Amino acid sequence: MSERFTGNFTQQEPIPEEGIAAAMDVLRHGRLHRYNLADGEKGEAALLEEEFAAAMGSKYCLAVTSGGYAMATALRAVGVTPGDKVLSNAFTLAPVPGAIAGVGADPVFVDVTEQLTIDLDDLAAKADRANVLLLSHMRGHICDMDALMEICDGADVRVIEDCAHTMGGSWRGVPSGRHGIAGCYSTQTYKHMNSGEGGFLITDDEELMARAVVLSGSYMLYERHGAAPGPEVFERIRLETPNMSGRMDNLRAAILRPQLRALAEQCERWNMRYRALEDGLRGVAGVQIINRPNDEYFVGSSFQFLLPGRSGADIRALMERCTARGVELKWFGDEEPVAFTSKYTSWAYASPEPLPKTDKVLAGLMDMRVPLTFSVEDCAQIARIIADEVRT
Ligand SMILES: *Cc1c(COP(=O)(O)O)cnc(C)c1O
């Protein structure tokens, strides 16, 4: 009888007790709106902003309703307007091109390499086509950020980082989100902190942050923010910046603050699980492991590997055999978008140009989430099952 995995690929850990207690306090006093404050009270949302800015080493931080909202707000705040072009990764998730489309701009997709990072040669070739790059550290893979910044600085392209999968990660010791002009994060349930929905925007640029705060729906209450510039900066932009409601509330902020304190430890727990999967699949004929550079500190909250040269029918059959043994693999090569996975050709509204190099990588790209409810032994078992079925 072959072994079968019985864990649940979408079950996250519970909210820490400290977060539940803090949430109960907010529910009891009823001041859920971030600007509804008692005398002398800073509020959970403002405190969370202070703490997240400190954790990432940024001057400013804004907490918002989602990662997608953070990206759209960053694009608006750097001055992207309808009809502009914005460079972005061909390999990413739908909210990334969606944020670009949301501001009326047109994505220009850049190839992915076999390391699952943005193709710097393709980026250099396309850098004269836009003034902004929305860089997605998709599935936590961080490219050579020094080389990327050199290309972008040289071409006057401003970089907004999508750190939905790299919260807690870094390149050569610099936190993900601190290389470009702004970093965006998600606190949606499947990311590195869980408030159901939520997100952050960080930057050192005072005017960008002032615009973002007003865009997020601060009205003229921007002085109640925890990590925003002084009122003199708002004076310059407040009447020319629209209010596009997307605020974080005190309830979700209360849930997130204890999770932020535990982030570094959680990242280590993810990486132990990631290494167990990697160890179990390394050396299996036909499986190409993704090489992780020493300069990258990644967060292994998901795991990818390549099955180069296999047909789509073959991969579908492999996925079915794995599913029958309790292992749910996702595939980025499918022509049809399925659940969370879609590929650039499915974003027809963006009229994507064909990218044969990317197609070749995606055709063999397998993916799975690694929830922290899995033990390290669970991950070793999952790897054994996949290895077994790949060999079949
Ligand atoms: C989840 C995700 C986002 C968007 O985050 P939401 O909070 O769901 O809007 C952006 N980029 C990537 C790569 C994501 O996985």
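Order of listing sets the numbers, starting from 1, for every ligand and every atom in it. Keep in mind the model is a prediction, meaning the values are calculated, not measured.
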Checklist entry - Between the main-chain N or O of Y190 and the side-chain N or O of Q188, is there a donor-acceptor pair closer than 3.5 Å? => result yes
Donor-acceptor contacts under 3.5 Å from residues 278-290 side chains, at least two apart:
{"residue": "E278", "atom": "OE1", "partner": "R275", "partner atom": "NH1", "Å": "2.7"}
{"residue": "Q288", "atom": "NE2", "partner": "E114", "partner atom": "OE1", "Å": "3.0"}

Protein N/O near ligand 1 N/O, under 3.5 Å, which pairs?
{"residue": "ligand 1", "atom": "5 (O)", "partner": "S186", "partner atom": "OG", "Å": "3.4"}
{"residue": "ligand 1", "atom": "7 (O)", "partner": "G67", "partner atom": "N", "Å": "2.7"}
{"residue": "ligand 1", "atom": "7 (O)", "partner": "S186", "partner atom": "OG", "Å": "2.7"}
{"residue": "ligand 1", "atom": "8 (O)", "partner": "Q188", "partner atom": "NE2", "Å": "2.8"}
{"residue": "ligand 1", "atom": "9 (O)", "partner": "G67", "partner atom": "N", "Å": "3.4"}
{"residue": "ligand 1", "atom": "9 (O)", "partner": "G68", "partner atom": "N", "Å": "2.8"}
{"residue": "ligand 1", "atom": "11 (N)", "partner": "D162", "partner atom": "OD1", "Å": "3.3"}
{"residue": "ligand 1", "atom": "11 (N)", "partner": "D162", "partner atom": "OD2", "Å": "2.8"}
{"residue": "ligand 1", "atom": "15 (O)", "partner": "H165", "partner atom": "NE2", "Å": "2.6"}
{"residue": "ligand 1", "atom": "15 (O)", "partner": "K191", "partner atom": "NZ", "Å": "3.0"}

Contacts table for residues 250-259: side-chain donor-acceptor under 3.5 angstrom, sequence neighbours left out:
{"residue": "N250", "atom": "OD1", "partner": "E44", "partner atom": "N", "Å": "3.4"}
{"residue": "N250", "atom": "OD1", "partner": "A45", "partner atom": "N", "Å": "3.0"}
{"residue": "N250", "atom": "ND2", "partner": "R31", "partner atom": "O", "Å": "3.0"}
{"residue": "N250", "atom": "ND2", "partner": "H33", "partner atom": "O", "Å": "3.2"}
{"residue": "R252", "atom": "NE", "partner": "D249", "partner atom": "OD2", "Å": "2.7"}
{"residue": "R252", "atom": "NH1", "partner": "E197", "partner atom": "O", "Å": "2.8"}
{"residue": "R252", "atom": "NH2", "partner": "D249", "partner atom": "OD2", "Å": "2.9"}
{"residue": "R257", "atom": "NE", "partner": "E51", "partner atom": "OE1", "Å": "3.0"}
{"residue": "R257", "atom": "NE", "partner": "E51", "partner atom": "OE2", "Å": "3.2"}
{"residue": "R257", "atom": "NH1", "partner": "E44", "partner atom": "OE1", "Å": "2.9"}
{"residue": "R257", "atom": "NH2", "partner": "E51", "partner atom": "OE2", "Å": "2.7"}
{"residue": "Q259", "atom": "OE1", "partner": "N194", "partner atom": "N", "Å": "2.7"}
{"residue": "Q259", "atom": "NE2", "partner": "N194", "partner atom": "O", "Å": "2.9"}
{"residue": "Q259", "atom": "NE2", "partner": "I255", "partner atom": "O", "Å": "3.1"}

Item to check | Axial cation check for F298 ring with R292, 6.0 Å and 45° limits | outcome: yes
Checklist outcome for this item: For residues 92-124, the ring pair (Phe, Tyr, Trp, His ring centres under 6.0 Å) pairs (sequence neighbours left out) are F109-W347
Checklist entry - Which word best sums up how the rings of F200 and F52 line up, parallel for under 30°, tilted for 30 to 60°, or perpendicular for over 60°? => result parallel
